[in-house]
Amino acid sequence: MAVNQALAAVLEDMAKMMELLGENSFRASAHARAARTVEGLAEDVSTLAGDKARLTSLDGIGSGMADKIVEFCTTGRIADYDAMKAKVPAGLLEIMQVPGCGPKTVKAMWEAGITDIAGLKRAIEDGSLLKLPRMGEKAVAKIKEALVFAAASGQRTWLGKAAAAAEVFVSRLKELAGVVRVEPAGSLRRGKDTIGDIDILVSIEDGTEKQMAAHAHAVAEAFRSTPGVVQVIASGEGKSSVRYSLDGGQGRWKPEPNPEKGESLPPTPPGGPSIQVDLRVLPRASFGSAMMYFTGSKEHNVRLRERAIKMGYTLNEWGLFPLDGNEKPPQQRGVKPVASETEEAVFKALGLPWIPPTAREDRGELDHQGPWKLVDLSDIKAELHSHTTASDGALSIVELAEEAKRRGFHTIAVTDHSQSSSIANGLKPDRLRRHIAAVKEADEQVKGITILAGSEVDILADGSLDYKDELLEQLDVVVASPHAGLTQDPATATKRLLKAISHPLVHILGHPTGRLVLRRPGLSPDMAELFAAGREHGVAMEINAHWMRLDLRDLHVRAAMDAGCLFAIDCDVHERDDFDNLRYGVATGQRGWLTAERCINTWSAAKLHKWLKAKGRGGT
DNA sequence: GCCGTTTTCGGCCCGACTGTTTTCAGTCG
């Protein structure tokens with residue numbers, strides 16, 4: 001998978017450089033699209049390099065691109081890329097990351113001798129940037145301000161962090177007069193594991209033009225003045241953009257330099273990392289098409305619009321309109337849309353079932369036959385991975401069980417850490433034996449839910465488990481997880497995890513790669529081999545729901561689905577609020593097209609308990 | 001550079017906003 005990322009980065013850079021060099025923009029976007037395809041592969045692209053027919057069967061990969069991929073996989077380089085790199089200074093690609101600095105602008109900078117961020121800062125200070133075409137005072141001020149946030153603006157944040165930030169705006173705007181609905185859209189609604197910016201849509205109740213404008217104005221004002229907003233980027237009636245402090249910074253930060261401190265550029269904003277939040281205020285009549293538009297993904301939208309054109313329509317955020325050859329946008333000519341108020345209506349008019357937002361990634365969802373039946377939050381009836389105060393959790397066995405019961409679960413498995421996880425206060429065999437007894441006692445005591453005795457057993461570096469079989473046999477649930485040795489090479493990691501999967505007492509492979517989103521890549525085993533073994537041995541693959549893990553990730557889920565695996569979506573509960581992370585695990589499952597029947601947490605108590613008991617006794 | 005429900009050539013999604021402009025280019029999502 002590391003190869004996929006490296007190749008995707010190269011193709012992405014090629015696309016950027018083509019834009020800079022003023023080459024055919026469609027050629028550039030073809031490279032960008034190929035980059036996305038390569039990045040989205042569940043298997044290592046180098047395993048496909050010998051099979052050109054399979055390569056060209058991938059979306060956006062034609063004969064020429066396939067040759068480049070083969071070249072990269074066999075020689076580690078692409079001649080065209082090297083040639084472009086020799087022409088285009090690397091610093092220009094960095095400047096292109098700065099908001100407001102697109103290819104045309106950066107090309108003009110290049111022609112003026114600016115080739116990196118430092119040069120850009122100098123050109124701002126000595127005023128030479130102003131001499132560039134279409135570059136006035138305001139444009140320079142904007143770039144100046146953008147540079148302050150440049151380091152942060154390229155960064156993405158965790159799904160859980162972004163969701164919490166979005167909730168601050170949603171709950172605030174919901175209370176305003178004239179507001180019908182407030183919904184997050186964008187990658188947050190799609191449940192992506194990292195979020196670049198937050199999109200929030202507000203629907204305004206019908207009324208006179210004046211009333212609606214007043215409501216829209218009030219919404220925009222409330223949005224911009226939300227505590228924690230550190231910068232207002234744009235503010236119109238229909239659209240506003242701000243930066244919001246992810247550390248909950250209070251009050252408004254003024255992006256003005258203080259000359260007394262010798263500052264010529266604005267100081268770093270308070271509150272640490274921040275995220276851009278975009279607001280759109282819309283009439284009720286176009287809420288469905290606008291939700292589709294702003295939920296994306298961009299690539300999914302492009303496919304939808306292409307489909308619309310083929311069917312004689314044009315699709316935009318205002319609705320689905322008949323194609324009439326008139327150049328002026330239909331909504332500006334008073335043309336009535338065929339569909340616009342709900343997403344269902346727009347999809348239906350395009351001959352499609354409603355597609356779950358989590359599946360809108362241009363990964364074949366438009367060709368999906370029949371209605372979507374993905375696993376849903378309400379399907380989950382069991383939590384099979386949780387920790388108590390016996391290891392590193394915050395709740396007692398009874399507290400944990402009561403909380404699970406309150407959330408409507410029929411089963412909770414207590415799976416504290418095993419002995420090698422000493423940092424997490426893992427249980428030595430004697431303690432585990434006593435813990436099993438305590439769990440059984442609690443199971444007697446707490447009515448209305450089944451409490452299972454389990455363990456999250458370390459998969460040691462050589463693939464063996466952290467307890468002897470004699471002890472594992474006494475457990476109702478065995479979750480085997482890698483915790484240490486997460487920098488092993490792929491071949492070693494594959495061997496290690498295969499050994500654990502083939503162990504007859506293992507039910508669930510916990511957070512299989514050990515990755516931490518935006519922090520640690522984790523293991524890169526051969527996923528195809530893992531999933532084939534998972535199916536063979538009847539081991540469920542975990543989707544760890546914590547937003548810091550989301551492991552398996554969406555693409556792995558899709559591959560494991562195709563391989564016929566079972567899944568467990570678990571919160572890895574350490575404290576009460578961790579149960580709330582379930583939605584992120586479910587979203588990740590949905591992104592891999594996971595159905596409820598393949599997810600053991602959705603099964604009835606009888607079916608689940610029977611499946612667990614069958615392990616190690618000859619059945620699967 | 002890709003691709004085919006008019007196509008193996010000639011297309012390739014769509015609108016809002018901003019700033020620099022007097023009619024539009026560039027950027028963004």
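Residue numbers begin at 1 in each chain, while the letters A, B, ... track the order of the sequences.
Atom-to-atom, NZ of A:K104 to P of B:dC24 comes out at 16 Å; the value is rounded to the nearest Å. Between the CZ atom of A:R27 and the P atom of B:dG1 there is a distance of 4 Å, given to the nearest Å. Rounded to whole Å, the distance from CG on A:L350 to P on B:dT5 is 16 Å. Protein atom NZ of A:K328 is 12 Å distant from nucleotide atom P of B:dG15, rounded to whole Å. With rounding to whole Å, A:D278 atom CG is found 18 Å from B:dT27 atom P. Atom CE in A:M14 sits roughly 8 Å away from atom P in B:dG1 (whole-Å rounding). A:K310 places its NZ atom 8 Å from the C1' atom of B:dT5, with the value rounded to the nearest Å. Atom C1' of nucleotide B:dC28 and atom CG of A:N316 are separated by 16 Å, given to the nearest angstrom.
Taking atom C1' in both B:dG11 and B:dA16, the straight-line distance is 25 Å, to the nearest Å. Comparing the P positions of B:dC12 and B:dT7 gives an interatomic distance of 16 Å, to the nearest angstrom. The C1' atoms of B:dT20 and B:dC14 are separated by 23 Å, rounded to the nearest whole Å. Comparing the same atom, P, in B:dT22 and in B:dC28 gives a spacing of 23 Å after rounding to whole Å. Comparing B:dC2 with B:dT6, their P atoms are spaced 23 Å from each other, to the whole Å. Remark: the separation of the P atoms in B:dC9 and B:dG15 is 31 Å, to the nearest Å.
Using a 4.0 Å heavy-atom cutoff across all strands shown, A:I309 reaches sugar-phosphate atoms only and no base atom. Within the nucleic acid shown, A:D197 comes within 4.0 Å of sugar-phosphate atoms alone, with no base atom in reach, counting heavy atoms only. Within the nucleic acid shown, A:S63 comes within 4.0 Å of sugar-phosphate atoms alone, with no base atom in reach, counting heavy atoms only. In this structure, A:K298 reaches the bases: a heavy-atom distance under 4.0 Å links it to at least one base atom across the strands shown.
Comparing A:T105 and A:P330 along DNA chain B, the residue whose closest nucleotide (by nearest heavy atom) sits nearer the 5' end is A:P330. Toward the 5' end of DNA chain B, the nearer of the two residues A:F294 and A:T56, judged by each one's closest nucleotide, is A:T56.
For A:T314, a side-chain nitrogen or oxygen approaches OP1 or OP2 of B:dC14 to under 4.0 Å. Between A:S29 and B:dC12, a side-chain N or O to OP1/OP2 separation shorter than 4.0 Å is absent. Using a 4.0 Å cut-off, some side-chain N or O of A:K68 falls inside it from OP1 or OP2 of B:dG1.
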Quiz item: Do A:F169 and A:F223 pass the ring pair (Phe, Tyr, Trp, His ring centres under 6.0 Å) test, and can you show the C-alpha distance, the side-chain angles, and the key distance before you say yes or no?
Solution: CA-CA 7 Å; A:F169 289 92; A:F223 173 74; 5.2 Å; yes

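A salt bridge does not link A:D278 to A:K239: none of the charged nitrogens lies less than 4.0 Å from a carboxylate oxygen. Note on A:D362 versus A:K298: no salt bridge recorded, every NZ/NE/NH1/NH2 to OD/OE distance being 4.0 Å or above. Taking the charged nitrogens against the carboxylate oxygens, A:R363 and A:D554 do have a contact shorter than 4.0 Å, which makes a salt bridge. Using a 4.0 Å cut-off between charged nitrogen and carboxylate oxygen, A:E221 and A:R224 count as a salt-bridge pair. Under the 4.0 Å criterion applied to side-chain N and carboxylate O atoms, A:D13 and A:K85 are not assigned as salt-bridge partners. With salt bridges taken as basic N to acidic carboxylate O contacts below 4.0 Å, one links A:R515 and A:D193.
Base pairing annotation: B:dA25 forms a Watson-Crick or G-U wobble pair with B:dT18, both donor-acceptor distances under 3.5 Å.
Listed by first then second residue, pairs satisfying ring pair (Phe, Tyr, Trp, His ring centres under 6.0 Å) with a partner in residues 180-206 of chain A number zero, not counting sequence neighbours.
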Pairs under 3.5 Å (N/O, protein and nucleotides 16-23 of chain B):
residue, atom, partner, partner atom, Å
B:dA16, OP1, A:W318, NE1, 3.3
B:dA16, OP2, A:Q332, NE2, 3.4
B:dG19, N2, A:R134, NH2, 2.3
B:dT20, OP1, A:G136, N, 2.7
B:dT20, OP1, A:G136, O, 3.2
B:dT20, OP1, A:E137, N, 3.4
B:dT20, OP1, A:A139, N, 3.2

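Scored by the side-chain contact (heavy atoms from CB on, under 4.5 Å) test, A:D367 finds no partners at all (sequence neighbours excluded).
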